[in-house]
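Beneath this line is the structure, given in structure tokens, with notes to follow.
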Amino acid sequence: MEEKNTFYLVREEILPEAIKKTIRVKEVLKRGEVRTINEAVEKMGLSRSAYYKYKDFVFPFYEASKEKIVTLSLLLEHKSGVLSRVLNTVADHSGSIMTINQGIPLQGVANTTISIETKNLTVDLEALLDKLRMIDGVRRMEVLGQV
């Protein structure tokens, strides 16, 4: 019988320290802040055996979102240019907009849903989400799902 892989999206604060440190080791290695796994695990205070135990099973959300379509729910202020800035930010990082749905503004805000293809993003998804949250006029943003 073939074993099925099941994935879960879990908030970082409930993860054991060894798993959090494994993710940080992978990140510093990826960014080139250290040259070797030995340096990275020493910097994070993690044993090599713990790193090797978890390294192939944990990864940040944005890595799981690579080459996927991510759907975002946004609450945008009803001001000229807010949606345009959101779309331009996605385009500036080579994201491809698949769908846009925006409701009629009520009480000065509009609910908007955007689906983004992440295959060609020039930044990781978390960085893009942070940039979108920082746009003046974006009141709230949530990831609804991904396919």
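What you see is a predicted model, and the numbers here were worked out from it, not measured in a lab. For this chain, numbers begin at 1 and follow the sequence in order.
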Are [X] and [Y] within salt-bridge range, i.e. N to O under 4.0 Å?
X   : Y    : value
E17 : K20  : yes
E33 : K43  : yes
D92 : K131 : no

At their closest point, which heavy atom of [X] faces which heavy atom of [Y], and how far apart are they?
X    : Y    : value
P105 : H78  : CG-ND1, 3.2 Å
L83  : T112 : CD1-CG2, 4.2 Å
V25  : A40  : CG1-CB, 3.6 Å
E77  : V82  : O-CG2, 3.8 Å

- prompt: Under the side-chain contact (heavy atoms from CB on, under 4.5 Å) criterion, do L29 and Y51 qualify, and how do the steps go?
  reply: CA-CA 12 Å; L29 285 166; Y51 171 74; 3.8 Å; yes
Kindly indicate whether the side chain of [X], heavy atoms from C-beta on, has any atom under 4.5 Å from the side chain of [Y].
X    : Y    : result
R140 : N111 : yes
L87  : I97  : yes
I37  : Y52  : yes

Same hydrophobic cluster for M134 and L129, using side-chain heavy-atom links shorter than 4.5 Å among ILVMFWY?
no
(request) Would you kindly confirm whether L132 and L125 end up in one hydrophobic cluster when ILVMFWY residues are joined by side chain heavy atoms under 4.5 Å apart? (result) yes
Quick check against the 3.5 Å criterion: does [X] have a side-chain atom that pairs as donor or acceptor with the backbone of [Y]?
X   : Y    : answer
K79 : G137 : no
R85 : D136 : yes
S47 : A50  : yes

Exercise. Just do the side-chain contact (heavy atoms from CB on, under 4.5 Å) check on L144 and T113 with the steps written out, would you?
Key: CA-CA 9 Å; L144 290 181; T113 305; 4.1 Å; yes
Would you say T71 and S115 are linked by a side-chain donor-acceptor pair, where the criterion is simply a distance under 3.5 Å?
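Checked: S115/T71 side chains pair up, N/O donor to acceptor below 3.5 Å.
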